[in-house]
Amino acid sequence: MPSRDPIAEPWGTRTPYGPGDPWPARVDLHLAEGVEPDQVDRWVRSASLLHSNGDAMDIAVKDGRIVGVRGRAEDRVNRGRLDPKDLYGWQAGHSPDRLTRPLVRRGGELVETDWDTAMDLVVERSRGLLDERGPSALGFYTSGQLFLEEYHTLAALCHGAIGTNHLDGNTRLCTATAAAALKESFGCDGQPGSYADIDHADVIALYGHNMAETQAVLWTRVLDRLAGPNPPRLLCVDPRPTPVAREAALHLAPRPGTNVALMNAILHELIRTDRVDHAYVEAHTVGYGELVRLTADYPPERAAEICDLPAQGIREAAALLGGAERLLSTVLQGFYQSNQATAAAVQVNNVHLLRGMLGRPGAGVLQMNGQPTAENTRECGADGDMTGFRNWNNDRHVADLAAAWNLDPARIPHYAPPTHAMQIMRYAEKGSIRFLWVSATNPAVSLPELRRIREVLAHRDLFLVVQDVFMTETAELADVVLPAATWGEKTGTFTNSDRTVHLSEKAVEPPGQARPDLDIFLDYARRMGFRDRDGRPFPQWHDPASAFEAWKRAGAGRPCDYSGLTYDLLRDAGGIQWPCDADRPEGTERLYADGRFWASPEECESYGRDLVTGAPLEEAEYRAANPGGLAMIKAAEYVAPHEEPSGEYPFTLITGRTLYHFHTRTKTARAPELQRAAPEVWVEVSASDAREAGIAEGDPVEVRSARGAVVARARVSGIRPGVLFVPFHYGYWDTGAPDAGGAGGRAANELSATDWDPVSKQPLYKTAAARLRALGPGDGRPSPAPTTTASAPVGAEVARTRGEPDTRETYPGGGTR
Ligand SMILES: Nc1nc2c(c(=O)[nH]1)N[C@H]1C(S)=C(S)[C@@H](COP(=O)(O)OP(=O)(O)OC[C@H]3O[C@@H](n4cnc5c(=O)[nH]c(N)nc54)[C@H](O)[C@@H]3O)O[C@H]1N2
Ligand SMILES: Nc1nc2c(c(=O)[nH]1)N[C@H]1C(S)=C(S)[C@@H](COP(=O)(O)OP(=O)(O)OC[C@H]3O[C@@H](n4cnc5c(=O)[nH]c(N)nc54)[C@H](O)[C@@H]3O)O[C@H]1N2
Ligand SMILES: [Mo]
């Protein structure tokens, strides 16, 4: 019973405020039909697990079941607000098709079994491979959606106990570039800015970030500033007319994959017009001279040609950024998953270094996260980095970590960079990895080039363990399926994009025999008989609270210092930003306020890479370039995408999200309000391209790349001409297998290429070449794309996306008229 229809009005009503004022509270609530607030038995503290924003909420429990959620007015992140996924997504937990018992493959079929049988099988295969082939035969692929305690445990198991280098998270697909860009500029991962910078900024620049749809509550904060006195001006860089673009003072819609050229021209203009804080640059940075030299070759006219933008627009963007007194920038997948991902994201950092816009209210950069707990995957080292933002290339860091775990340093692999997810898949394909344990991610839908990924995962030489809450496309291919408890059914902590840590407490029992992921990992460790240096069972912890204490020891003294936090403090105070230690008991709003960075050769997390080739730098090179541990201004030449539109494939294909769904929809498709709002896949086509191809709104079309094809209804939208957009949410669990005859599936990743950024190794989901073919006239129905979002129709009458079921007819595989 929300007071509004959150589907039709995802951002709700305005609570305007002015610069420097506190963001007013607005409490959003949704309870199951027929339940009144005073009938709720208990409210249990948590935060949202369906994006990286960290919206704080209480879970309503009645008769041992979750019956709704309410935003927490006191919390610094959302001041009570919740978005549509927050309000409705919890219903997935009740779904009758939850996994409730372990499954093992027998005679080709997955059959139910008990935990002992399933775990014995996993342990037997692990031991056998360790004895025969060594630790490198084992790979682990995890998530950005578990809890901190679970990642730290998994990292300790893989890097410490087993000694394999093959551990990565789906954060590789998500925010590996954020981490890489922060390491390149500041020597270490760690988000400099704070969400509160929105309260103070006079200019906010969003680069490849559709905040309105992907961090909808943060966007309400921006909308509330826009509605108040002295509003900020927005710059939006996105090839689609997103809701962000609609509110922007300036919208640049570049050709996808040209971000570096655009940024170089902006930097060129900032330097030419001397919008440079020379005192800051001199005191706190190295590399300015090289940036001046390189960007001299990028006048706006040159970038205008590469990006296909008006040169005047680029000059105006530079003037907007150059005139800002308090500049906030946010960066997300339009940069991270596009051509030259890290090089482009680093240029945003450069704008801030040049202008001295760091570490004070309103002046900040947010190299955003995507997943709710991606930050923790990174800080715990479950993404292949070394636990606590340590440098795998620095023997002292390895020794330090070994001491925290009470293990011999020689057990921790540090002979080579950790293996990234795309390389793990390659090793599985080649047969050197024989055992792959996938937890809380669905690679059979989310990795690029699905036909190949399905083959790799289904190969009979690969023993595949899948730990999930549902029977996903990936679980279908497994040898062992482990049923997990999820949000609301287990306790743990997680950290959002601006370093705010929340505690999420168990509200209800998991269904059937499903168990918390932490219990599963610890059970595996006990059965494997791992020991520490003193012969005690390893890991030495046994439940969420003891796992949190162990993490505090492993992260203490590093930037992500949690040593001042306790579950009780998080319970009392709500969200707190790390670092939080004895000196900073209330946490830390902004990093680098003192102009000091974690960049000295002794402290840094990485010696850096060449931004164009990705070649790693040696310690000696790093020492020579940055002996004083200053921030690093790193310049990069523009290099064209590997796959550019050409005769056979004349369109650029980009993929991404819509407001109402989360990823492969395992949760959001099981929430009726969300599923109804975007029930099927679609393809966005510009009006001019549609006209030329004879395609009208809702007509069936085929999009084909060199990898495969997708069949969907066309949405004629305001997207940049020459560009197609396909949302990547739609796999096959609810419709059956992809068409084997090659007639086309519906998952966007049938189309994407096996290619990644040379620095961050993040796959390039946002630059591929494709062709578009009309499949005959439609039946007059529009495409199922929402009307409230970047996918809004142009030139056709389409019923507005609304929440009330009665006003929106639903039917299989289509939209609404
Ligand atoms: N509703 C919803 N919210 C989510 C999620 C979800 O699945 N659904 N997922 C969460 C996760 S894990 C993530 S990572 C975030 C992602 O959040 P976002 O990055 O905001 O989402 P995307 O739709 O992937 O991409 C953002 C924009 O990049 C633009 N783009 C594509 N190519 C280029 C390019 O070359 N240059 C530029 N400048 N822009 C380009 C697209 O048009 C798109 O609008 O969202 C989080 N929040
Ligand atoms: N084409 C294209 N592809 C993309 C992207 C894109 O923009 N375009 N974006 C990429 C990005 S940024 C991301 S983050 C990935 C996301 O890709 P995935 O991680 O594959 O997507 P999810 O559907 O979130 O998968 C999470 C899985 O974990 C399960 N799960 C949820 N909670 C729990 C739990 O508590 N325990 C366990 N064990 N399991 C749980 C869910 O049921 C689900 O199956 O996709 C990437 N792929
Ligand atoms: Mo992501």
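Note that the coordinates shown come from a computational prediction; the quantities given were computed from them, not determined experimentally. All ligand and atom numbering here is 1-based and tracks the order in the structure.
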Examine [X] against ligand 2 and note whether any of their N/O atoms are separated by less than 3.5 Å.
X    : answer
R657 : yes
Q333 : no
T441 : yes
R665 : no

Any heavy atom of [X] sitting closer than 4.0 Å to ligand 1?
X    : answer
K85  : yes
Y207 : no
S52  : no
A790 : no
H729 : yes
F725 : no

- prompt: Without hydrogens or angle criteria, can the side chains of Q191 and E375 be said to hold a donor-acceptor pair below 3.5 Å?
  reply: no
field: W437 ring center near Y524 ring center (under 6.0 Å)
entry: yes
For [atom], which of [options] has the closest heavy atom?
atom                    : options                : result
atom 16 (C) of ligand 2 : Q762, H663, R670       : H663
atom 27 (C) of ligand 1 : D238, T330, T658       : D238
atom 26 (C) of ligand 1 : G656, G208, A245, A212 : G208
atom 25 (O) of ligand 1 : R255, H209, Q145, K766 : K766
atom 29 (C) of ligand 2 : T486, D468, T664       : D468

- prompt: Is P256 touching ligand 1 with its side chain, its backbone, both, or neither, if touching means heavy atoms under 4.0 Å apart?
  reply: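 It is both parts that get close, each with some atom under 4.0 Å.
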- prompt: Looking only at heavy atoms, is any part of H661 under 4.0 Å from ligand 1, and if so is it the side chain, the backbone, or both, or is it neither?
  reply: backbone
field: Whether F494 and F147 hold their rings parallel, tilted or perpendicular, with breakpoints at 30° and 60°
entry: parallel
query: What about Q371: any of its N or O atoms under 3.5 Å from an N or O on ligand 1?
result: no
- request: Could you tell me whether some N/O pair between L332 and ligand 1 is separated by less than 3.5 angstrom?
  value: no
- prompt: Are A485 and ligand 2 in contact, using a heavy-atom cut-off of under 4.0 Å?
  reply: yes
